[in-house]
Amino acid sequence: MDSSTLADQKRRARRIVRALKKAYPDATCALRHETPLQLLVATILSAQCTDERVNQVTEKLFQKYSTAEDLARIPLTRLEKLIQSTGFFRNKAKNIKACCQTLVERYDGQVPRKLAELVELPGVGRKTANVVLGTAYGIASGIVVDTHVARICRRLGLTDQTDAVKIERDLMELIPKSEWIDFSHRLIHHGRQVCKARRPLCDQCVLEPECPRIGVG
DNA sequence: CTCCCGATAT
DNA sequence: ATATCAGGAG
């Protein structure tokens, strides 16, 4: 980090949390879903893909295949075609099917509520597990660190790390656990609308007072 | 570290 | 043309 103390960083992090809460009071998960299983599938599909496209794909997919049992039985090539437009479709199809097969075999088709169990599922890492636990179950297992959260937290100087797990560890020290779930949703919303990767709209940014803006990237 | 990969904005 | 999009596995 820099010469500022941990206490300084915590105070700054709380100002950022407060500004985000004021600016985006209703920010929530943008992946449309009706069940924890659907959110899990949508989150697997969201890797390197916009949430808008994931929602288009899942709307059709869940019309016919909405449960773990459905997706565990679906022919692989059929699933591949249904999710093709999200990219990485062979990996995602294989993972979704294997994941749902495991859920049927070990968890009665339900999504488990423990991080350690979730990350053992094919295609599920910490980011996906945190999304599902936080949004579907209200369990603050950690902080969702996706591409937006990573980028913005580096820009803000809340972390120097590039590895998602190390960024998450830094953020968990700085932010009270009661804020973890909403913080991620709000930061991701902010990343899509304002603090964008390519052309950040710094003139309309509510975090501008807290941002060093050194080499914006 | 590389690979997986289509769609869109710039 | 190229960077980027709610990453994870080998």
Side-chain angles (χ1 to χ4, degrees), chain A residues 20 24 26-33 36-61 76-77 79-103 111 115-137 139-155 161-169 171 180-202 215-217:
Chain A
L20 287 170
Y24 314 114
D26 304 319
T28 181
C29 181
L31 298 168
R32 291 183 51 257
H33 61 280
L37 185 276
Q38 289 181 5
L39 178 59
L40 176 62
V41 173
T43 308
I44 292 174
L45 289 174
S46 71
Q48 297 294 295
C49 181
T50 61
D51 58 310
E52 190 179 351
R53 179 153 300 279
V54 172
N55 286 336
Q56 290 174 13
V57 166
T58 54
E59 184 173 2
K60 286 189 177 180
L61 177 66
L76 194 56
T77 53
L79 181 55
E80 287 180 351
K81 285 177 186 169
L82 282 166
I83 68 170
Q84 184 172 9
S85 67
T86 66
F88 298 159
F89 63 91
R90 293 187 186 87
N91 282 341
K92 289 176 182 176
K94 183 157 49 71
N95 286 334
I96 288 169
K97 179 162 181 174
C99 179
C100 288
Q101 286 174 335
T102 302
L103 291 180
V111 178
L115 184 67
E117 294 176 336
L118 276 167
V119 296
E120 287 303 309
L121 298 168
V124 180
R126 275 194 71 92
K127 179 262 175 179
T128 297
N130 282 333
V131 167
V132 171
L133 290 175
T135 302
Y137 293 138
I139 298 170
S141 54
I143 295 178
V144 174
V145 177
D146 71 331
T147 181
H148 295 297
V149 173
R151 178 181 68 251
I152 297 172
C153 289
R154 280 198 304 272
R155 285 177 175 173
Q161 304 295 332
T162 55
D163 178 75
V165 174
K166 294 178 182 173
I167 293 174
E168 184 182 356
R169 202 163 55 226
L171 294 178
W180 286 359
I181 297 173
D182 288 336
F183 176 76
S184 295
H185 289 147
R186 287 169 180 147
L187 212 52
I188 290 162
H189 178 82
H190 184 64
R192 286 201 298 261
Q193 304 295 329
V194 181
C195 194
K196 299 184 287 186
R198 282 209 180 173
R199 194 169 59 87
L201 307 178
C202 299
V216 185

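Reminder, nothing fancy here: chain letters follow the sequence lines and each chain counts from 1.
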Quiz item: For residues R186(A) and H189(A), is any side-chain donor paired with an opposing acceptor at under 3.5 Å?
Solution: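 Side-chain D/A pair, R186(A) to H189(A): absent.
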
Quiz item: Counting any heavy atom closer than 4.0 Å, what does V124(A) reach on the DNA or RNA strands: base, sugar-phosphate only, or nothing?
Solution: sugar-phosphate

Exercise. Give L39(A) one of three labels, base, sugar-phosphate or nothing, depending on what nucleic acid heavy atoms sit under 4.0 Å from its own.
Key: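 No contact.
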
Quiz item: How do G123(A) and S46(A) order along DNA chain C: which one's closest nucleotide is nearer the 5' end?
Solution: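 With G123(A) and S46(A) compared, the 5'-side residue is S46(A).
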
Quiz prompt | Closest-nucleotide ordering on DNA chain C, the 5'-leading residue of N95(A) and D146(A) | solution = D146(A)

Self-check item: Parallel, tilted or perpendicular: ring planes of Y24(A) versus H190(A), cut at 30 and 60 degrees
Solution: tilted

Quiz item: For F88(A) and dC4(B), is the gap between ring centres under 5.5 Å while the planes differ by less than 30°?
Solution: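 Yes, the aromatic ring of F88(A) stacks with the base.
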
Quiz item: What is the distance from CG of L79(A) to P of dC5(B), rounded to the nearest Å?
Solution: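 Interatomic distance, CG of L79(A) to P of dC5(B): 13 Å.
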
Self-check item: Protein-nucleotide distance (K92(A), atom NZ; dA7(B), atom P), rounded to Å
Solution: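 About 12 Å, once rounded to whole Å.
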
Self-check item: Under 3.5 Å: donor-acceptor pair, side chain of K92(A), backbone of A47(A)
Solution: yes

Quiz item: Start at the 5' end of DNA chain B and walk down; is the nucleotide closest to Q56(A) or to F89(A) reached first?
Solution: F89(A)

Quiz item: How far, in whole Å, is dT8(B) from dG8(C) if one measures between their P atoms?
Solution: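 Nearest-Å result for dG8(C) against dT8(B) at atom P: 24 Å.
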
Self-check item: Rounded P spacing from dT10(B) to dA6(C) in Å
Solution: 13 Å

Quiz item: When only distance counts, do a donor and an acceptor, one from the side chain of R199(A) and one from the base of dT4(C), lie under 3.5 Å apart?
Solution: no

Quiz item: Taking atom types as they are modelled, is there a donor-acceptor pair under 3.5 Å from the base of dA3(C) to the side chain of R198(A)?
Solution: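 Answer is yes: a donor-acceptor pair is held.
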
Self-check item: Rounded distance (nearest 0.5 Å) linking atom CZ of F89(A) with atom CD of Q84(A)
Solution: 4.5 Å

Practice problem: Report yes if a side-chain nitrogen or oxygen of R192(A) is closer than 4.0 Å to either non-bridging phosphate oxygen (OP1 or OP2) of dC5(C); otherwise report no. | Solution: no

